[in-house]
Amino acid sequence: MKTILITGAGGFLGSRLVRRFSAGTSADPHFPQTEPFAVSPYRVYPLSGRAPDICDAAGLLALFCQVGPDYVIHCAAVSDTGRCEREPEFSYAVNVTGAENIAMACRASGAKLIFCSSDQVYFDNVRTAFLVPRRESEKLYPSGVYGRQKLEAEKRCAAACPDTVSLRLSWMYDTGKPGPEKHGNLVTTLRGLLDAPDPDARLAFPVHDRRSLTDVWDVAVNMEAALDLTPGVYNFGSPNPLNAYETAAVFLSLLRGASGNSGAGADGQNSGASRNSGSSAAASGQSAAVSGNACNRVPAASIQNASDPRLVPDRQRFASCPRNLQMDLEKLSFAGITFPTAQEGFVRSLSRSRP
């Protein structure tokens with residue numbers, strides 16, 4: 001039986017990876033519920049909020065020698081980009097030094113490292129980005145602290161442990177019951193818009209922002225195949241051609257169709273979208289694709305029929321230098337791993353959600 005050690009096991013992705021690998025293989029591999037009689041082929045060791053801290057190199061090495069992991073999935077990070085900007089030394093200690101400590105412990109114990117990186121390495125304000133999906137082989141100039149730290153961590157992990165797979169993850173969501181994480185995402189924000197009583201509230205999303213957006217359970221399902229990837233860097237998420245405003249419109253239409261709620265207004269969920277009463281404000285964005293025939297319960301939506309007056313196009317943010325975090329998945333597909341488009345993944349996720 002293989003042993004998988006998962007850092008950040010109480011976080012958004014880590015908690016779901018613990019459930020996924022502990023549950024074993026379901027009859028429906030995309031259904032995120034623990035099978036009552038499933039026998040997992042893995043021994044899972046969740047590392048979250050306990051000693052040793054990932055900044056404690058000696059403690060990590062002692063733990064790894066004790067646990068003897070075959071694989072380490074390193075999810076722990078300071079992922080709040082605002083906090084990284086405000087406290088760069090603190091975030092560096094976790095995001096870079098901590099990741100390097102994990103990599104050194106992996107090499108010493110013979111474990112393979114799966115490092116969870118980010119699409120933020122592609123956030124480049126140095127030059128205007130062309131609207132083509134970003135490739136792993138590009139020379140990168142990340143402008144944000146978080147993106148720069150993740151890129152440096154990729155390099156340090158590969159140097160400290162040659163048997164490292166770095167996965168550049170997109171922004172993720174979960175349409176099911178909330179997990180232990182403290183932050184919101186696009187889905188929680190749009191549900192807030194449907195459920196809140198204020199008829200004058202608006203959400204603004206930028207039109208000059210393109211980004212992959214992935215169901216966290218698709219990431220969890222594909223993570224098992226990622227254990228066998230050849231060491232290197234891989235984009236790891238759902239493809240999407242839409243800008244942030246178009247994405248929000250399509251996803252809101254799908255949510256409204258799934259709930260039968262015409263809704264109005266917005267509450268205070270934190271997805272990167274701006275909230276106000278009747279005026280536009282800046283937002284960070286997400287994405288979706290326009291096909292979606294994965295299930296019968298939730299109809300597919302298109303940009304043409306998904307317009308909603310509560311969503312406001314923000315034409316100012318990123319206008320001088322459009323943000324493009326779309327990821328090219330050719331390298332990943334050559335390894336036999338595929339993701340549904342953002343909209344297909346969302347439709348499928350809604351079809352399996354439980355109240």
Side-chain angles (χ1 to χ4, degrees), residues 4 6-36 38 40-42 44 46 48 71 73 75 79 114 116 118-119 167-191 211-227 229 234-240 247 250-251 254-255 258-259 271 286-289 291-298 327 329 332 336-355:
I4 300 177
I6 300 173
T7 72
F12 186 74
L13 175 59
S15 62
R16 288 157 176 84
L17 289 175
V18 170
R19 287 175 58 191
R20 172 65 185 170
F21 284 109
S22 298
T25 303
S26 168
D28 178 359
H30 296 291
F31 191 74
Q33 299 295 324
T34 299
E35 294 284 321
S40 173
Y42 302 101
V44 178
S48 176
Y71 304 99
I73 305 176
C75 303
S79 58
I114 310 297
C116 293
S118 170
D119 62 358
L167 303 178
R168 290 176 178 167
L169 304 176
S170 73
W171 195 24
M172 294 173 283
Y173 65 86
D174 188 349
T175 59
K177 295 180 180 180
E181 67 281 350
K182 305 300 182 184
H183 59 81
N185 56 66
L186 177 64
V187 174
T188 57
T189 298
L190 293 178
R191 278 186 169 151
R211 187 175 184 184
S212 298
L213 180 64
T214 314
D215 177 3
V216 66
W217 289 104
D218 284 326
V219 174
V221 166
N222 278 333
M223 191 62 74
E224 185 169 18
L227 299 178
L229 285 172
Y234 299 84
N235 291 332
F236 207 75
S238 289
N240 164 53
T247 297
V250 170
F251 274 40
L254 289 166
L255 276 173
S259 65
S271 76
Q286 359 319 316
S287 40
S291 56
N293 56 3
C295 76
N296 296 322
R297 277 185 52 190
V298 184
M327 298 190 297
L329 300 179
L332 190 68
I337 300 176
T338 61
F339 280 88
T341 65
Q343 185 176 330
E344 287 170 340
F346 191 61
V347 169
R348 188 171 65 191
S349 184
L350 287 173
S351 75
R352 68 170 181 252
S353 292
R354 295 296 181 265

Visitor: Ignoring hydrogens and geometry, is there a side-chain-to-backbone donor-acceptor pair from N222 to T338 under 3.5 Å?
Guide: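 Present.
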
Visitor: Does any N or O in the side chain of R191 come within less than 3.5 Å of the main-chain N or O of T175, such that one atom is a donor and the other an acceptor?
Guide: yes

Visitor: Closest heavy-atom contact between F21 and L227?
Guide: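 Taking F21 first and L227 second, the nearest heavy atoms are CE2-CD1, 4.2 Å.
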
Visitor: Between L254 and L350, what is the shortest heavy-atom contact and its length?
Guide: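 It is O-CD1, 3.8 Å.
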
Visitor: What's the shortest heavy-atom distance between P239 and P340, and which atoms?
Guide: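 For P239 versus P340, the nearest heavy atoms are CD-O, 3.4 Å.
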
Visitor: Using every non-hydrogen atom in the two residues, find where T214 and S170 come nearest and quote the distance to one decimal.
Guide: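 Closest heavy-atom pair between T214 and S170: OG1-OG, 2.6 Å.
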
Visitor: Just verifying a value: how many Å separate I6 CD1 and R19 CZ, rounded to the nearest 0.5 Å?
Guide: 12.5 Å

Visitor: Considering non-hydrogen atoms only, spot the tightest contact between L329 and G237 and give its length.
Guide: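 Shortest heavy-atom separation between L329 and G237 comes out as CD1-O, 3.0 Å.
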
Visitor: Parallel, tilted or perpendicular for F346 and F251, by the 30°/60° rule?
Guide: parallel

Visitor: Please check: side-chain N/O of S238 versus main-chain N/O of F339, any donor-acceptor pairing under 3.5 Å?
Guide: no

Visitor: Would a distance-only check, ignoring hydrogens and angles, find a side-chain to backbone donor-acceptor pair under 3.5 Å from S15 to A9?
Guide: no

Visitor: Decide side chain to side chain contact (heavy atoms under 4.5 Å, CB included) for D218 and R348; before the verdict, give the C-alpha distance in whole Å, the side-chain angles of both, and the deciding distance to 0.1 Å.
Guide: CA-CA 10 Å; D218 284 326; R348 188 171 65 191; 2.5 Å; yes

Visitor: Kindly indicate, with the supporting measurements, whether the criterion side chain to side chain contact (heavy atoms under 4.5 Å, CB included) is fulfilled by R20 and M223.
Guide: CA-CA 9 Å; R20 172 65 185 170; M223 191 62 74; over 6 Å; no

Visitor: Applying the side-chain contact (heavy atoms from CB on, under 4.5 Å) criterion to L213, which one of V187, T341, L186 satisfies it?
Guide: L186

Visitor: Which heavy atom of A226 sits nearest to which heavy atom of I114, and what is that distance?
Guide: O-CD1, 3.7 Å

Visitor: Is the shortest side-chain heavy-atom distance between V216 and N185 below 4.5 Å?
Guide: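 Answer no - side chains too far apart.
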
Visitor: Please test D119 against R168 for side chain to side chain contact (heavy atoms under 4.5 Å, CB included), starting from the C-alpha separation and ending with a verdict.
Guide: CA-CA 5 Å; D119 62 358; R168 290 176 178 167; 5.6 Å; no

Visitor: Short question: side chain of S349, backbone of G345 - any donor-acceptor pair under 3.5 Å?
Guide: no

Visitor: Could you grab the distance from atom CG of L169 to atom SG of C75, nearest 0.5 Å is fine?
Guide: 8.0 Å

Visitor: Working note: D174 + W217, criterion side chain to side chain donor-acceptor pair (under 3.5 Å); need CA distance, chi angles, decisive distance, verdict.
Guide: CA-CA 7 Å; D174 188 349; W217 289 104; 3.2 Å; yes

Visitor: Can I4 and L17 be said to form a side chain to side chain contact (heavy atoms under 4.5 Å, CB included), step by step?
Guide: CA-CA 10 Å; I4 300 177; L17 289 175; over 6 Å; no

